[in-house]
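What follows is a short report on a single structure.
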2 protein chains.
Amino acid sequence: MSNLKAVAEHSKVSIATVSRVINNDPKVSKVTVLKVQASISALEYKPNRVAQRLRSSKGKTKLLGLIIPDIQNPFFVDVVRGVEDYAYQHNFAVMIGNFGQDEKKEKLYLDIFQSENIDGLIVAPIHGKDKGIENLVKKDIPVVCIDRGLTEIDVDVVKVDNENGAFNAIDHLLSMGHKRIAFISGNFKIPTYIERLSGYKRALDKYGIAYDESLVFARNSDYKSGFEIANKILELENRPTAIFSGNNLLTLGALEAIHAKDINIPEEISIIGFDDMPWSISLNPPLTAVRQPGFDMGKKAAEMLYERMVDPSKKKEKVILKTELMIRKSTARIE
Amino acid sequence: MSNLKAVAEHSKVSIATVSRVINNDPKVSKVTVLKVQASISALEYKPNRVAQRLRSSKGKTKLLGLIIPDIQNPFFVDVVRGVEDYAYQHNFAVMIGNFGQDEKKEKLYLDIFQSENIDGLIVAPIHGKDKGIENLVKKDIPVVCIDRGLTEIDVDVVKVDNENGAFNAIDHLLSMGHKRIAFISGNFKIPTYIERLSGYKRALDKYGIAYDESLVFARNSDYKSGFEIANKILELENRPTAIFSGNNLLTLGALEAIHAKDINIPEEISIIGFDDMPWSISLNPPLTAVRQPGFDMGKKAAEMLYERMVDPSKKKEKVILKTELMIRKSTARIE
DNA sequence: CTGAAAGCGCTTACAG
DNA sequence: CTGAAAGCGCTTACAG
C-alpha cells in the first residue's frame, strides 16, 4: 500500500499538504489540490484508516460498532440491514458483534470495540443493568440502545411498544374465546420479555381472567427452546388452546413441535408469534404475528447515533415505535 | 482510557516492559510480570488495538474481514455464525460487510477493510473474475473465498458441490415423472448458479429430456425476484409441473406467489429449493430442499484463513463439501 | 532482564 | 497557502 509519503514525493509537496487535500482543507490552493489528486489516483492511494483513527479520535474515520444478541433471529438481521443502510450512505464502516445471548461474549465485544476506537455503538443490552454499556455511556462514547433500554442510566434508545404489542396479540386471542393461553418467553432478564409479559397480563385483566403462572415458560430465546417448551405445553393435561410465543425463533421452534405431533393449527391449537417474518404467509398455516419494524429501528438508531456524535450534549432521546398485529390464519375462534 | 504510559508509571517500569508483559515475552522476570499485571488490573488497562495494528501489521491484533452478498439469506447467516464461532475461540474480532448483491458496495468494503489493515478476509465474490479480490490475493493478504471461487487466480476456497446438489434435486423430480421443470435462478454472473444450471442440464440429459431455455429464469437472488418469477411461471400457458429454485430467498418468494394464487403444493405443482432452512418443516407444505452446511463452511473458511495467515506460502486449497437432499413433502409423483 | 529510541501512517497546531 | 515537527499508543531491534 502506498502511503502519504509516497504521494507527497510523487507530487512534490509535504505530507501535511497531502493530508489537507484528503481532508478537503479549503486553504489548499487549487493548483496544489489538482496536482495532489493526480498523484493520489496515479498511486491508487487509500488513506490508512487505522492511522487516521489512532491520530484523531474524533469520528474522522467513521467506524461504528453494532452488537446484537442473535444474528439467527431475522428481526435482528433487519436491524443490521437498517443500520448498514444508513452507515453506507454516510460512509461509515460497521463492525458487527453477535453475542448469541452469551453475556461473556457481549462483554468481550464491548472491550474489543472500545479498543478499536469505534466512534459510536449501537447495542441491544443483554439486560437492563448492563454495567459494560453503562461504562461506555459514562465515558461519553456515543451509544444508542436498540430493542431494549438501560434502567440505571439515561441513554438514547430505539425500541418498540412491547407492552401494547403483546396486549394486542393476547386481546385478539381472548376475543376469540381463548382462556388458557400459554406464553413461550425468553429469559426474563431481558427487558422486552418483561414488557411483553405485562401486556399479556393486562389483556387477561381486561377479560377478567386470572393470571396463571404455570402457563408462562421462560428459557432462552432460540429455536431449540421454542421446540422444547412447545413440546412440554402440548403434553399438559389441560392443554392450553393457544400459544403466544415471544420471538421469531421461539415461534419457529414451537411450530416444528406442533407439526411433528401432527396437531392442526388453528383447529386444535392457535398460535401468535411476536415478530413477523417475510415468509410468514408461507408457513403452515400463514402465521398471525406481531410485526416490529426492524429495518426502521436500525436506521433510526444509526441516525440517532450520528446525531449524538455530532452533538454529545444533546438530550437523550427515547424513540418508541409501534407494532402491528398481522392477522393471518394461525388463530381460530373456540367455544 | 488508560494507556501504556499510565501502566508504566504506576508500576515504575518502562513502557517497553509493560508491552512485553502484555505480549507474554518470556524474558521478563517473574517479579516484574506480577508487578505490571497488578497495575494493569488496577488501572483496568486494555491495549489499544488500533495502535497495535498500526504498529505491527502481522496479525497481532486479530481482525478478520467477512464480506457476504446478502445477510438476509439464512444460508449466509449460518456462514457468519461459523466464521464467528471460530473467530471467537481464537480471539479474533470480525468485521462484517454485507454488500447486498451490489458490486459497488462490495468494492467499497474491500477498500475499507484493507484500510483497516485486516489480517485476513473471507469473502463470497460477486463473480468469478472479481478484480478487487484478485488484487488482495496478489498483495499476499490472506483471503479465503466462500461459496464461490475465482476463475483467474489460484485462491483458497470453501464451497459446496453445486452441480451435484442441483443434479440430485432435478433427478428426484424427473424420477417422479416431471418433465417440465422451471429453474428460478439468480444472476448467471454468480458461479454457483452456473454450476447449478449445469447440474440441472445433466439430470435432464440422463432422462433424455431436451433442455428448454424458456424454462430458466435468472434475476436477482432475493425474495422479490422469487415472487415475481414464480408469478410469471404460474401464468405460463403450458405450466411447468415443478419448480427448482436457486436459493433460500427465491424459494420463499416463490412460495408466497404460489400461496397467493391458492395453488396446492405438491398436488398442483412441486417445488424443491436450493438451501435448506431450520424451519423448512413448518412451511406449507414441509419443503424438500438441498441442504448446504453453511455453519461448517464458515468455520472451515475461518480455519483455513488462519492457516494461511500462519503460513502464507502454503499451497492453496479447495474444499468442496457435499450437499444433502432433504426430502419432505413439497414434491409429488405425476403421470 | 530492562530501557531509550525509532517508527507505523496519519493530523494538526505553529510558524512563516 | 505550505512545511517542519510533535504526537496518537503501541512494538521491537539495539544496547547494556
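Residue numbers start from 1 in every chain, and the chains themselves are labelled A, B, ... in the order their sequence lines are given, proteins ahead of strands. Heavy atoms only: backbone and side chains are in, while hydrogens, waters and symmetry mates are out.
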Secondary structure string for DNA chain D (Watson-Crick or G-U under 3.5 angstrom, | for other-strand pairs): |||.||||||||.|||

Any Lys/Arg nitrogen of [X] or [Y] sitting under 4.0 Å from an Asp/Glu carboxylate oxygen of the other?
X	Y	value
B:Lys131	B:Glu134	yes
A:Asp147	A:Lys159	no
A:Glu317	A:Arg308	no

Nearest-nucleotide 5' precedence on DNA chain D, B:Val18 against A:Arg20: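 Mapping each residue to its closest nucleotide by heavy atoms, the 5'-most match is A:Arg20.
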
Length of the line joining B:Lys5:NZ and D:dA6:P, which is rounded to integer Å: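 B:Lys5 atom NZ is separated from D:dA6 atom P by 16 Å.
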
At 4.0 Å (heavy atoms only), tell me whether [X] reaches a base, stays on the sugar-phosphate, or touches nothing.
X	answer
A:Ser19	base
A:Val13	sugar-phosphate
B:Ile15	base

Can you tell which of [options] lies closest to the side chain of [X]?
X	options	value
B:Thr32	D:dG9, D:dT2, C:dC1	C:dC1
A:Leu4	D:dT12, D:dG9, C:dC10	C:dC10
A:Asn48	C:dA4, D:dC10, C:dC10	C:dC10
B:Lys27	D:dA4, C:dC1, C:dG9	C:dC1
A:Gln52	C:dA4, C:dC10, D:dG3	C:dC10
B:Val28	D:dG9, C:dT2, C:dC10	C:dT2

Toward the 5' end of DNA chain C, by each residue's nearest nucleotide, B:Ala51 or B:Ser29: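 That would be B:Ser29.
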
B:Thr17 side chain near C:dT2 phosphate (N/O to OP1/OP2, under 4.0 Å):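 No.
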
Phosphate OP1/OP2 of C:dG3 contacted by B:Ser14 side-chain N/O (<4.0 Å):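 For C:dG3, OP1 or OP2 has a side-chain N or O of B:Ser14 closer than 4.0 Å.
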
Neighbour count >12 (heavy atoms, 6.0 Å) for atom NZ, B:Lys5: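 Not buried by this count: 12 neighbours or fewer within 6.0 Å.
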
Test salt bridge (Lys or Arg N to Asp or Glu O under 4.0 Å) applied to A:Lys129 - qualifying residues, sequence neighbours left out: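 Only A:Glu152 meet the salt bridge (Lys or Arg N to Asp or Glu O under 4.0 Å) criterion with A:Lys129.
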
Parallel, tilted or perpendicular: rings of B:Tyr306 and B:His90 (30°, 60°):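 B:His90 and B:Tyr306: tilted rings.
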
Residue pair A:Val158 / A:Met304, side-chain heavy-atom distance below 4.5 Å: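 Yes - at least one pair of side-chain heavy atoms lies under 4.5 Å apart.
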
